[in-house]
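A quick note: this is a predicted structure, and the numbers were derived from the prediction, not measured. Side-chain atoms are counted along with the backbone in the values below, which use heavy atoms only and exclude waters and symmetry mates.
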Amino acid sequence: MSDYPKVEIREGLVSIIVPDLSKYIVGNRPEPAHAPVFYNPRMEVNRSLSIAIINGYVNYTGKSNIIICEPLSGTGVRAIRYAREINGVSKVIASDISERAYELIRMNIDRNGLSDIINVHKDDANNLLLRIAREGGCDVIDIDPFGSPQPFIENSLRAIRDQGLLCVTATDVGVLSGKYPIKCVRRYGALPQKFPYRFEVGIRILISTVARYALSMDYGIRPLMSFLDGHYYRVCMLVFKDRAYALETLRNIGYSYYRPSTLQRGFISGYPIPDVNRYRLSGPLWIGNLWDAEFLMNYFMKGTRDYFSSRAREVAGLIGEEALGPNIPYALTTEVGRDLGRELPINDVISIIRGLGYQAVRSHFHVKGFRTNADLLRIKEIIMGK
């Protein structure tokens with residue numbers, strides 16, 4: 001085993017050895033990317049919610065003896081938690097191209113007594129995915145890279161089985177949400193805009209990227225769960241290897257618009273060319289639902305566990321509420337209360353809108369965000385008149 005400082009940590013129901021991040025400080029804080037093997041404790045929320053999602057997926061589809069692949073495993077914590085905490089798993093495939101990571105994964109598998117369930121490889125992620133595709137595929141693929149998932153999407157779609165679950169993380173939130181628009185065009189083939197709801201634009205561009213890869217193969221997708229947590233986006237979607245679902249997917253790709261003068265926002269269908277020329281647009285992006293409300297209410301929420309961190313349970317609750325709102329981009333309290341001269345509490349805004357008979361729910365994308373089907377300019381006028 002390579003000689004570098006290590007510590008034991010507990011996460012979920014497992015105990016693993018990870019690099020001692022206190023030895024890799026950049027700017028007064030630990031920097032996981034500088035450690036010999038990548039481990040980010042902040043991604044516990046991602047891993048815990050993914051366990052709830054995959055457990056929900058197993059119950060939702062009625063599948064058993066599922067095979068999960070995680071081709072970018074790092075310390076192996078995600079693969080090990082999947083093997084221990086997800087029901088109906090027959091095999092987990094873990095892999096990393098790094099020799100140090102490979103050694104650490106093997107040690108952590110042995111520590112948790114899971115060598116009969118987890119197969120570990122030292123391989124390039126795309127090579128592994130292509131080999132899995134040739135060998136019949138797997139039910140769940142989890143792409144959790146440091147940076148963009150774009151290089152792994154196409155081969156993940158090749159390797160996943162029909163009606164499988166593809167989970168994708170993107171940590172380049174700034175690129176997707178408009179901070180680096182040209183890089184987003186290069187990397188994702190879409191133009192973001194700095195709309196007030198730019199963080200939603202970003203995740204919709206990510207989903208659209210997967211969708212367009214799927215369409216090139218005559219596949220379709222349907223998001224079950226999408227969320228933003230700090231520095232990363234996370235999307236988990238069903239993949240249908242059926243041309244009929246590809247046509248439905250195509251109808252859910254379009255563009256988003258925003259009109260500052262009226263606070264209007266929404267989506268325009270039509271890909272590759274939208275039937276409009278009067279708006280400033282962002283896209284192409286996913287204009288369908290970000291969540292499957294039935295899945296969230298009946299399967300995902302039941303899959304959350306008391307031992308998840310408080311942050312993981314908080315995010316789950318926020319998304320569960322937001323999924324019941326309209327499929328309209330979120331707004332900010334600062335938009336409707338900009339001229340009020342004081343901070344406008346979001347709960348007050350939601351109460352006003354609901355009192356008028358419209359839908360209104362908080363958005364997890366922004367602390368001041370909410371979704372509503374009300375006319376925002378009218379809401380602003382009412383607030384200013386109070």
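In the hydrophobic cluster analysis, where Ile, Leu, Val, Met, Phe, Trp and Tyr join through side-chain heavy atoms closer than 4.5 angstrom, I207 is grouped apart from L191. A single hydrophobic cluster is not seen to contain both I328 and W286; linkage of ILVMFWY side chains at heavy-atom distances under 4.5 Å, directly or through other members, places them apart. No continuous path of ILVMFWY side-chain contacts below 4.5 Å connects L318 to I353, so the two sit in separate hydrophobic clusters. The cluster map of Ile, Leu, Val, Met, Phe, Trp and Tyr, joined by side-chain heavy atoms under 4.5 Å apart, puts V168 and I66 in the same cluster. Under the 4.5 Å side-chain contact rule for hydrophobic residues, Y358 and I350 share a cluster.
When side chains are defined from C-beta on, Y213 counts as touching T209, because their heavy atoms get closer than 4.5 Å. Two residues are said to be in side-chain contact when any heavy atoms from C-beta on lie closer than 4.5 Å; L165 and C236 meet this criterion. Residues D292 and L238 form no side-chain contact, since every pair of their non-hydrogen atoms from C-beta on lies 4.5 Å or further apart.
Between E321 and R362 there is no salt bridge, since no side-chain N of the basic residue sits under 4.0 Å from a carboxylate O of the acidic one. For R378 and E381, the salt-bridge test passes: some basic side-chain N is under 4.0 Å from an acidic carboxylate O. A salt bridge between R265 and E335 is present, with a side-chain N of the basic residue lying under 4.0 Å from a carboxylate O of the acidic one. Ion pairing between E103 and R106 fails under the 4.0 Å rule for side-chain N and carboxylate O. Between E85 and R305 there is no salt bridge, since none of the side-chain N atoms of the basic residue sits less than 4.0 Å from a carboxylate O of the acidic one.
In this structure, N373 contributes its side chain and Q359 its backbone to a donor-acceptor pair below 3.5 Å. The backbone N or O of R280 sits nowhere less than 3.5 Å from a side-chain atom of Q193 that would complete a donor-acceptor pair. In terms of modelled atom types and a separation under 3.5 Å, the side chain of R371 and the main chain of S363 share no donor-acceptor contact. Judged by distance alone, the side chain of T249 and the main-chain N or O of Y245 form a donor-acceptor pair under 3.5 Å. Put simply, the side chain of S256 never gets that close to the backbone of F267: no donor and acceptor are under 3.5 Å apart. Judged by distance alone, the side chain of D139 and the main-chain N or O of I67 form a donor-acceptor pair under 3.5 Å. Put simply, the side chain of T169 never gets that close to the backbone of D144: no donor and acceptor are under 3.5 Å apart. Between the K6 side chain and the Y4 main chain, a donor and an acceptor come within less than 3.5 Å of each other. Side chain of D162 to main chain of K241: a donor-acceptor pair is present (N/O by atom type, distance under 3.5 Å, no hydrogens or angles). Side-chain atoms of N112 come within 3.5 Å of backbone N or O of S15 as a donor-acceptor pair.
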Quick one, V77 with R47, criterion side chain to side chain contact (heavy atoms under 4.5 Å, CB included). Give me CA distance, side-chain angles, the key distance, then yes/no. CA-CA 9 Å; V77 59; R47 292 184 283 266; 3.9 Å; yes
Would you check, one step at a time, whether the test side chain to side chain donor-acceptor pair (under 3.5 Å) holds for S50 with R234? CA-CA 9 Å; S50 297; R234 180 69 163 169; 2.8 Å; yes
Please test V92 against L114 for side chain to side chain contact (heavy atoms under 4.5 Å, CB included), starting from the C-alpha separation and ending with a verdict. CA-CA 10 Å; V92 176; L114 294 169; over 6 Å; no
Begin with the C-alpha distance, continue with both residues' side-chain angles, and end with the deciding distance and a verdict on side chain to side chain donor-acceptor pair (under 3.5 Å) for R212 and S216. CA-CA 6 Å; R212 284 179 282 130; S216 72; over 6 Å; no
Applying side chain to side chain contact (heavy atoms under 4.5 Å, CB included) to F300 and I319, what does each step give before you reach the verdict? CA-CA 10 Å; F300 166 71; I319 297 168; 5.5 Å; no
What verdict does the side chain to side chain contact (heavy atoms under 4.5 Å, CB included) test give for I118 and I80, after you've listed the backbone C-alpha separation in whole Å, the side-chain angles of each residue and the deciding distance to 0.1 Å? CA-CA 8 Å; I118 304 176; I80 290 166; 3.8 Å; yes
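Residue F146 forms a ring pair (Phe, Tyr, Trp, His ring centres under 6.0 Å) with just one option from F152, F38, Y232, and that option is F38. Checking each of R42, R78, R81 against E11 for a salt bridge (Lys or Arg N to Asp or Glu O under 4.0 Å) leaves exactly one that passes, namely R81. Between L104 and the choices I109, I17, V18, the side-chain contact (heavy atoms from CB on, under 4.5 Å) rule is met once, by I17.
Contact between R158 and E154 at its shortest, heavy atoms only, is NH2-OE2, 2.6 Å. When all heavy atoms of Y39 and I16 are compared, the pair lying nearest together is CE1-CD1, 4.5 Å. Heavy atoms only, all atoms of each residue included: F227 and L49 are closest at CZ-CD1, 3.8 Å. P36 and R100 get closest at one heavy-atom pair: CB-NH1, 3.4 Å. In terms of heavy atoms, A246 sits closest to L215 at O-CD2, 3.1 Å.
Annotation: side chain to side chain contact (heavy atoms under 4.5 Å, CB included) contacts of P151 (sequence neighbours excluded): S148.
Sequence neighbours left out, the pairs with a member in residues 21-38 that pass side chain to side chain donor-acceptor pair (under 3.5 Å) are D20-S22.
Note: Y299 and Y60 have perpendicular aromatic rings, judged against thresholds of 30 and 60 degrees for the angle between ring planes. Using cut-offs of 30° and 60° on the angle between ring planes, the pair Y258 and Y197 is perpendicular. Using cut-offs of 30° and 60° for the angle between ring planes, the W291 and H364 rings count as perpendicular.
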Which donor-acceptor pairs under 3.5 Å do side chains of residues 176-187 form with protein atoms, sequence neighbours excluded?
from, atom 1, to, atom 2, distance (Å)
S177, OG, V173, O, 2.7
R187, NH1, D172, OD2, 2.9

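For the atom pair I253 CD1 and S208 OG, the distance stands at 4.5 Å (nearest 0.5 Å).
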